[in-house]
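By convention here, the first residue in the shown sequence is residue 1. Keep in mind that this is a model prediction, so the values were computed, not measured.
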Amino acid sequence: MLPKHGMFAMVAAALAAFAAGCGGSSYGDSGPPTLPPTGDLSTGPAACNGSAAAEFSCSGVDLRSRVPLTAMGGTTGNDVWGWADALTGSEYALMGMANGTAFVDVTDSDNPVYLGILPTETIATPWRDIKVYQDHAYIVADASGAHGMQVFDLTRLRGVVAPQTFSEDARYSDYGNAHNVAINEDTGFAYAVGTNTCNEGLHMVDIRTPINPLFAGCHAVFDTHDTQCVIYAGPDVNYTGREICASSAESLVEFADVSLKPAPVTISTATYPQLGFVHQAWLTEDHRYLLVGDEFDEGTFGVPTRTIVLDVSDLDSPAFVFTYEGPTNSIDHNLYVLGNRVFEANYTSGLRVIEMGDLSNEEMTEIAFFDTFPDNDATDFDGARSVYPYLPSGNVIVNDIANGLFVLTVQ
């Protein structure tokens, strides 16, 4: 069985039952499903004509290319991150798959090139997560056994002319499984969550020497599903310059001061109406608001896709502001903020781009979308798992569970 812990275990079981009841798919405890081949879908390029790009529904987003999972030696997709080589200007997609991490050169967005795969350390799993620090990828997996955190020097991708099976450059083994990993690039610390250590809370790792990761401390207060850690630069002057983690802790949101790794402290916690499972969250760039994705509320409460907005201008007392409701009933998964835009990977409805105005006046509007999963927009666990909007080119990459890598351009 794949490891699931704490409240995540209960939610995973509930998700499996919910999906089965709806006739949909769920990973449950049996690993990723066997999915039909998707090679017959368009691989682009295809411009969005206002309502469609090839067979994909869209508005304001062009398909540059799609790389099927089979072309990357994979079966099902999960996380995605990106890397831009400062020396060459090349851009890469780092594609999490059940059996490992694929590397794809997306510099020519219409003609991506698959470079190879770093195999999983243990067994295949639907849960893999990837982040980057100083030209190195840090990869964790929620898989049984001693997977740990793989470290891969991304500069090895330079000059690759034929697909390879890569090996890691180092591995951190003070935990086995981890559901997610976050990295604060400003401090050089990685934060693994949902591990078999630290009571499934923050497992902190010093990666300032990239290929020599060292244990730095635990924040073992709440079972944690995901986190974002920053040097705080928001309106609360009591925490200016402190390293703060905003954590999605399954039944609540937690803010923690992790400036002193041997002695991290909880600052505050927050909840919101119709809370199902606090899955993932991201701060606005001014650190005034936190945008929260709940993976269970659509199925539990019968609501449209929701993004919850918390006012965190007072970190000691975060406050619920409002809930933005999207135009579909799909389940939201991962969201990231770039400027005044939110890029959401919302399972069966694909990439959604939301523009933020004055959040205190509840100003959020969907301005573009690209549906990577043309079958339906059901409240189900198929489709887009994650999105990366930070490539210097402005292109956006998406990992779809069944349909692979999408390279997209927002018009």
Side-chain angles (χ1 to χ4, degrees), residues 4-8 11-12 15 27 77-81 96 126-131 140 142 178-184 190-195 200-202 222-230 244-256 269-272 274-285 287 289-300 305-310 312 318 320 323-324 326 330-338 341-347 349-354 356 364 381 383-390 396 398-401:
K4 301 183 182 74
H5 313 287
M7 180 174 281
F8 183 45
V11 171
L15 292 178
Y27 292 143
N78 44 68
D79 188 47
V80 67
W81 207 247
W127 298 291
R128 191 172 307 281
D129 200 68
I130 309 153
K131 297 296 186 297
V140 301
D142 204 349
H179 192 73
N180 264 300
V181 64
I183 290 177
N184 186 347
Y191 298 85
V193 299
T195 73
E200 302 174 33
L202 302 177
F222 298 106
D223 293 353
T224 304
H225 193 77
D226 208 336
T227 193
Q228 182 193 12
C229 301
V230 301
I244 304 299
C245 291
S247 295
S248 300
E250 305 183 352
S251 62
L252 51 81
V253 176
E254 184 212 15
F255 295 91
T269 63
T271 59
Y272 49 83
Q274 294 181 303
L275 188 153
F277 183 82
V278 185
H279 176 264
Q280 187 256 0
W282 208 256
L283 290 160
T284 56
E285 291 185 351
H287 296 176
Y289 296 96
L290 184 74
L291 309 181
V292 182
D294 186 310
E295 197 179 18
F296 205 34
D297 51 355
E298 292 85 9
T300 300
T305 310
R306 302 196 314 160
T307 304
I308 295 94
V309 180
L310 301 181
V312 297
F320 170 75
T323 297
Y324 165 79
S330 67
I331 299 167
D332 53 291
H333 197 249
N334 283 354
L335 66 86
Y336 296 99
V337 172
L338 179 60
R341 292 181 172 181
V342 187
F343 294 80
E344 295 192 0
N346 286 350
Y347 277 117
S349 65
L351 170 70
R352 320 301 291 199
V353 183
I354 301 165
M356 296 179 288
M364 291 181 75
F381 295 92
R385 277 284 290 270
S386 198
V387 55
Y388 183 82
Y390 302 118
V396 178
V398 176
N399 190 339
D400 185 283
I401 294 171

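- Inter-residue side-chain proximity for F255 and L290 is flagged as met; some heavy-atom pair is nearer than 4.5 Å.
- Between the side chain of D129 and the backbone N or O of V181 there is at least one donor-acceptor pair closer than 3.5 Å.
- R352 approaches N346 most closely through the heavy-atom pair CG-ND2, 3.4 Å.
- Taking each heavy atom of A384 and V398 in turn, the nearest pair found is CB-CG1, 3.9 Å.
- The aromatic rings of H225 and H179 are tilted relative to each other, their planes meeting at an angle between 30° and 60°.
- Judged by distance alone, with hydrogens and angles left aside, the side-chain atoms of R385 form no donor-acceptor pair with the main-chain N or O of G96 at under 3.5 Å.
- Of the candidates I331, I308, T305, D297 forms a side chain to side chain contact (heavy atoms under 4.5 Å, CB included) with just one, namely I308.
- Separation of atoms CG (N334) and OG (S386) is listed at 4.0 Å; rounding is to 0.5 Å.
- Panel note: side chain Q280, backbone S248; no donor-acceptor pair is recorded below 3.5 Å.
- Between Y347 and I401, some side-chain heavy-atom pair lies under the 4.5 Å cut-off.
- Every residue was checked against the side chain to side chain donor-acceptor pair (under 3.5 Å) condition with T224, not counting sequence neighbours, and none meets it.
- Taking the ring centroids of W81 and Y336, they lie under the 6.0 Å cut-off.
- A donor-acceptor contact shorter than 3.5 Å is absent between the side chain of H333 and the backbone of A345.
- The structure places CD of E250 at 4.0 Å from CZ of F277, a figure rounded to the nearest 0.5 Å.
- Judged as a side chain to side chain donor-acceptor pair (under 3.5 Å), and not counting sequence neighbours, the contacts of D294 are Y272.
- Annotation: side chain to side chain donor-acceptor pair (under 3.5 Å) contacts of Y388 (sequence neighbours excluded): none.
- Annotation: ring-ring contact (aromatic ring centres under 6.0 Å, His included) contacts of Y289 (sequence neighbours excluded): none.
- A distance of 10.0 Å separates CD in Q274 from CD in E298, rounded to the nearest 0.5 Å.
- Residues S247 and V193 fail the side-chain proximity criterion, which asks for heavy atoms closer than 4.5 Å.
- Considering only residues two or more places apart in sequence or on other chains, T271 meets the side-chain contact (heavy atoms from CB on, under 4.5 Å) condition with L252, L275.
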T307 vs D332, test: side chain to side chain contact (heavy atoms under 4.5 Å, CB included). Steps then yes/no. CA-CA 8 Å; T307 304; D332 53 291; 5.8 Å; no
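- The side chain to side chain donor-acceptor pair (under 3.5 Å) test applied to N399 returns no partner, not counting sequence neighbours.
- Distance check: L202 CG to T195 OG1 gives 9.5 Å after rounding to the nearest 0.5 Å.
- For the atom pair OH of Y191 and CD1 of I183, the computed distance is 10.5 Å after rounding to the nearest 0.5 Å.
- Put simply, CD on E254 and OG1 on T227 are 8.0 Å apart, with the number rounded to the nearest 0.5 Å.
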Step by step, work out the side chain to side chain contact (heavy atoms under 4.5 Å, CB included) result for V309 and M364. CA-CA 10 Å; V309 180; M364 291 181 75; 3.8 Å; yes
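- Partner V396 forms a side chain to side chain contact (heavy atoms under 4.5 Å, CB included) with one of V353, V387, L338 and no other, that one being V387.
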